[in-house]
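So the structure is just underneath, and the comments pick up after that.
Hydrogens, waters and symmetry mates play no part in the numbers below; they use all other heavy atoms, side chains included. Treat the numbers as computed from the prediction; the structure is a model and nothing was measured. Numbers for residues simply follow the sequence, beginning at 1.
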Amino acid sequence: MKQWTVPAAVTAANNEITAEFGDFLGGILIRRGIVTLDSARAFFGCDSLSDPMLMSDMRQAAEMVRSAIDEDKRITVFGDYDCDGVCSTVMLYSYLEAQGADVDFYIPDRSEGFGMSVAALEKIAANGTELVITVDNGISAVKEAEFLKSKGVELLITDHHQPNASLPECGACVDPNRADDPSPFKDLCGAGVVLKLLIALEEDEDFVLESYADLAAVATVGDVVPLKGENRYIVQRGLDNIRNEQNAGLTALIKSARCHIEDISSNDLAFRICPRINAAGRIANAEKAVRLLLCEDDADTAGRLVEELELLNNKRKTAENKILEDVQKQTAEDPGILKERVIVLAGEGWHHGVIGIVCSKILEKYDKPVVMISNENGKARGSVRSIEGFSVHKMLMECSAPLTTFGGHPRSGGFSLSADKIGEFTKLIHKYAREYYPKMPLPSVTADMEATCADLTVDSVKLLSRIEPCGERNPVPQFLLRSCTVKSKRAMKDGLYTSFDVEAGGATLRTITFKVPFDRFIPNVGDKIDMIATAEINEYNGKARAELRLVDYRPADFREDRFIAASRVYEEICRGEGCDNRLAPRVIPQSREELMKIYDLVKMSGGKRTAEELAKFDGSVNYCMLRITLDAFAEAKMVELGEDCTPKILPVTEKRDLFAEGLLFELNKQFKG
C-alpha cells in the first residue's frame with residue numbers, strides 16, 4: 001500500500017511561470033520546484049556543457065594523456081563492469097586508439113570487486129603499462145595508487161563517486177564531487193566525466209558529442225543519475241546520435257532488444273538496453289559488452305556479439321527467477337519474514353551478480369527495505385535496497401560489527417561477511433530498525449498534479465514532450481484523477497492486460513494497464529475509482545488521441561490513513577509488539593458473525609483477490625481484522641494463503657471453534673481488558 005501524494009503549487013510563482021508556459025505545463029513545473037523563469041530556462045535551455053577546464057586537475061589530466069600519446073607510452077584504461085563503466089571504457093579506449101595510442105583496457109570480473117585491486121594492477125604493470133587511466137572508479141583507491149607509484153606507473157583518475165577524506169596520490173584526479181572542485185555541475189556519471197576529458201583533449205565540444213554522446217547517454221540513464229541540467233542535454237544529444245545509427249554495436253543491441261531506433265527514448269535505454277549491457281558483467285565478464293560497443297562499423301561482428309549478450313541476458317533472467325522462486329518458498333514457510341520492518345533473505349549459491357536486481361524487485365513488491373545475502377562456500381555477500389527515508393549507509397554503519405567490508409548510499413549498498421555471521425547480522429538489522437524506526441517511512445507514489453479527463457487533451461499531452469527525456473529526478477509526469485466512472489472494460493492479449501474507459505470532468509479516456517490482468521481488475525462498469533496515471537498520445541490511422549497508462553488505482557474517496565494504520569497494527573501484532581488494548585475489539589475478531597462475514601467475502605472472490613484488494617474494495621472490513629482472520633482460517637486449514645496473501649477456500653473436514661484454541665484464543669486472551 002503506497003501513500004498517494006500531490007505536491008502543492010507554489011502560489012507566489014504562479015503568474016510568472018504559468019504566463020510563460022500555460023496552466024498545464026506551468027503547473028507541473030511549479031510542483032517540481034521550477035518556480036522562476038530563470039530556473040525554467042536553466043531546465044529547458046541547457047544547450048552546451050560547462051567548460052571542462054573548470055574541473056579540478058582537468059588541465060593536468062589532458063597534459064598527461066597528450067604526453068603519453070606523444071611519447072608512445074603504453075596506456076591501460078581501467079574500467080568497471082556496470083553499464084557506466086563499460087560505456088566509459090569504450091569511449092576513452094576508442095578515442096585513444098583513434099589517436100594512435102598504444103592502449104588496452106582492463107575491466108575486473110565481478111568476483112574481483114569494484115574498482116582497482118593490487119592483484120589486477122600487478123598484472124597490468126607486468127604487461128608494460130606506463131599510464132593507468134581509471135574511468136568510473138579510483139577515487140578511493142589510496143592503497144592501489146601507492147602500489148602503482150612503487151612500480152613507476154603513472155595514474156590518472158576520472159571518477160564521479162564521493163571521495164573519502166584523503167585523495168589517492170596520482171598525476172591528476174578528476175571528479176566533480178571533490179571538495180575543491182569549482183565546476184558548476186556535480187551530477188555527472190563516469191561517462192559524463194570522460195566526455196568532459198575528451199572535450200578538454202579535442203577542444204571541440206560539438207565534435208566530441210557527435211562522436212560519443214550516444215554512449216554517454218546510455219551510461220547516464222544506466223547509472224540513474226539525475227536527468228537535469230547537463231545530464232539532460234547529454235541524453236538529448238545521445239538519443240539523436242542513436243537515431244542516426246552511428247555505432248553498429250549499439251544499433252545491433254537496440255534492434256535485438258526490439259526497440260525502434262527512429263523513436264528510441266530514455267525509457268527504452270533504462271529498461272531494455274542498459275540491462276543487457278549490465279548482464280555481461282553480472283553473469284560473465286563485461287569485456288563482451290565492451291567489444292560489442294567497439295564495433296562501430298563492423299555489423300557482422302556486432303551481430304555475433306549481440307547474440308552472445310542476449311544469451312547472457314537470458315541467463316541473468318534465469319538466475320533471477322531461480323532466486324525469486326527460493327524467496328517465495330522461504331516466505332511461504334516463514335511469513336514472518338515479510339512482516340519485519342526490513343526484509344532479510346539469505347540463500348545458498350544465489351548468483352551474487354543478480355541479487356541486487358532481485359533486491360530491487362522485492363522492494364518494489366513489498367515497499368520495504370530489502371537485504372539479500374548469498375552464501376557460497378562459507379563466504380557471504382549481500383545487497384541492500386531501500387525506500388526514501390531509510391538510509392542503507394546508516395544501517396550498515398550501525399550494524400557493521402559482523403561485516404568484513406561494506407559500503408553504500410542512502411538507497412542502496414553492498415557488504416560481505418562470513419556465512420556463520422548471517423544470523424547475528426540479521427538480528428542487528430531488526431534491532432536497529434526497531435530502535436531507530438518504530439514507525440517506518442511510508443512508500444509513496446507521487447502525482448504531479450490533479451486533473452480530469454477533460455484536462456488531458458491531445459494538445460495538452462503533447463506539451464509533456466518538452467519535459468523529456470525523463471528519468472531519475474525528472475520522471476514521466478503523473479496525474480491524479482478523482483472519482484472516475486468506469487464506462488467499459490475489456491481484456492487484452494488473452495487477458496494478460498486490461499483496457500478500460502473512464503469518464504471524469506465530462507470527457508472519457510481509454511486507460512491501459514500492463515500490470516493488472518483482466519481477471520484481477522476489480523472495478524465493474526459504473527464503479528467510481530481514483531487513479532494515478534501517465535498520459536500519452538496514441539496515433540492510429542492518422543488520428544491522434546490522448547490515452548492513459550495506469551500507475552495505481554483504488555475506490556473513490558478511499559480512506560488511505562485508516563488502511564495504513566490498520567496495516568501497521570497488524571504487523572506490530574505479528575512481530576509480538578502488541579497493540580493498544582482499546583484497539584483490540586476493532587482489529588481482532590470477537591464473534592462468529594465477524595468471521596462469517598470475512599469467510600463469505602473470501603468465498604465470493606473466488607481466490608482471485610489479495611487481502612489488500614478485499615479490504616480496499618469491500619470498504620466495511622478493517623484490514624488488520626481481515627489479515628488476522630485469514631491467518632486464523634489458514635491455521636485451521638479453512639483457507640490457503642497464496643502469494644501476496646491471496647486467500648482460497650479449502651474444503652472443511654471438521655468444525656472448529658476458532659475462539660477456543662489457536663491464534664484467536666491467544667490474541668483475545670493477550671488483549672483482554
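- Between Glu547 and Arg510 there is a salt bridge, since at least one side-chain N of the basic residue sits less than 4.0 Å from a carboxylate O of the acidic one.
- Glu320 has a carboxylate O that lies under 4.0 Å from a charged side-chain N of Arg316, or vice versa, which qualifies the two as a salt bridge.
- Using modelled atom types, one finds a donor on one side chain and an acceptor on the other under 3.5 Å when comparing Asp420 with Ser418.
- Ionic pairing of Glu398 and Lys394 is not present here: no N-O contact between side-chain nitrogen and carboxylate oxygen is shorter than 4.0 angstrom.
- Around atom CD of Glu376, more than 12 heavy atoms belonging to other residues, nucleotides or ligands sit under 6.0 Å away.
- Between Asp326 and Lys322 there is a salt bridge, with a side-chain nitrogen of the basic residue lying less than 4.0 Å from a carboxylate oxygen of the acidic one.
- For the 3.5 Å distance criterion, the side chains of Thr452 and Asp455 qualify, holding a donor opposite an acceptor.
- Other residues, nucleotides and ligands place more than 12 heavy atoms under 6.0 Å from the CZ atom of Phe514.
- Under 3.5 Å, the side chains of Ser416 and Thr405 contain a donor-acceptor pair of N or O atoms.
- The pair Glu340-Arg434 fails the salt-bridge criterion, with no side-chain N (NZ, NE, NH1 or NH2) lying under 4.0 Å from an Asp/Glu carboxylate O.
- Tyr553 has its ring centre no less than 6.0 Å from the ring centre of Phe558.
- Heavy-atom neighbours of Arg562 CZ from other residues, nucleotides or ligands within 6.0 Å: at or below the threshold of 12.
- Between Asp557 and Lys528 there is no salt bridge, since no side-chain N of the basic residue sits under 4.0 Å from a carboxylate O of the acidic one.
- A donor-acceptor pair is defined here as one N or O able to donate and one able to accept, closer than 3.5 Å; such a pair exists between the side chain of Arg341 and the backbone of Tyr437.
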Please test Thr498 against Thr513 for side chain to side chain donor-acceptor pair (under 3.5 Å), starting from the C-alpha separation and ending with a verdict. CA-CA 5 Å; Thr498 303; Thr513 172; over 6 Å; no
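- In Asp334, the CG atom is crowded: over 12 heavy atoms of neighbouring residues, nucleotides or ligands sit closer than 6.0 Å.
- Using modelled atom types, one finds no donor on one side chain facing an acceptor on the other under 3.5 Å when comparing Thr534 with Arg549.
- Look at Glu666 and Lys669 and you find a salt bridge, because one of the NZ, NE, NH1 or NH2 atoms lies within 4.0 Å of a carboxylate O, short of that distance.
- Glu572 has no carboxylate O lying under 4.0 Å from a charged side-chain N of Arg568, or vice versa, which leaves the two without a salt bridge.
- Under the 3.5 Å distance criterion, the side-chain polar atoms of Arg520 are matched with a main-chain donor or acceptor of Lys608.
- By the 30° and 60° cut-offs, the orientation of the rings of Phe390 relative to Tyr432 is perpendicular.
- Relative to the ring axis of Phe518, Lys489 places its NZ or CZ within 45° and under 6.0 Å from the centre.
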Any chance you could lay out the side-chain contact (heavy atoms from CB on, under 4.5 Å) test for Leu456 and Phe24, step after step, and finish with the verdict? CA-CA 9 Å; Leu456 300 173; Phe24 183 74; 3.7 Å; yes
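- A 6.0 Å sphere centred on NZ of Lys228 holds no more than 12 heavy atoms belonging to other residues, nucleotides or ligands.
- Atom CG of Asp494 sits in a sparse spot, with 12 or fewer heavy atoms from other residues, nucleotides or ligands closer than 6.0 Å.
- Salt-bridge formation is detected for the pair Glu661/Arg656: a Lys NZ or Arg NE/NH1/NH2 atom is positioned less than 4.0 Å from an Asp or Glu carboxylate oxygen.
- Remark: Asp657 does not engage Arg592 in a salt bridge, criterion side-chain N to carboxylate O under 4.0 Å.
- A donor-acceptor contact shorter than 3.5 Å links the side chain of Gln590 to the backbone of Ile588.
- Within 6.0 Å of CE on Met604 lie no more than 12 heavy atoms contributed by other residues, nucleotides or ligands.
- A donor and an acceptor atom, one from each side chain of Asn474 and Arg32, are located under 3.5 Å apart.
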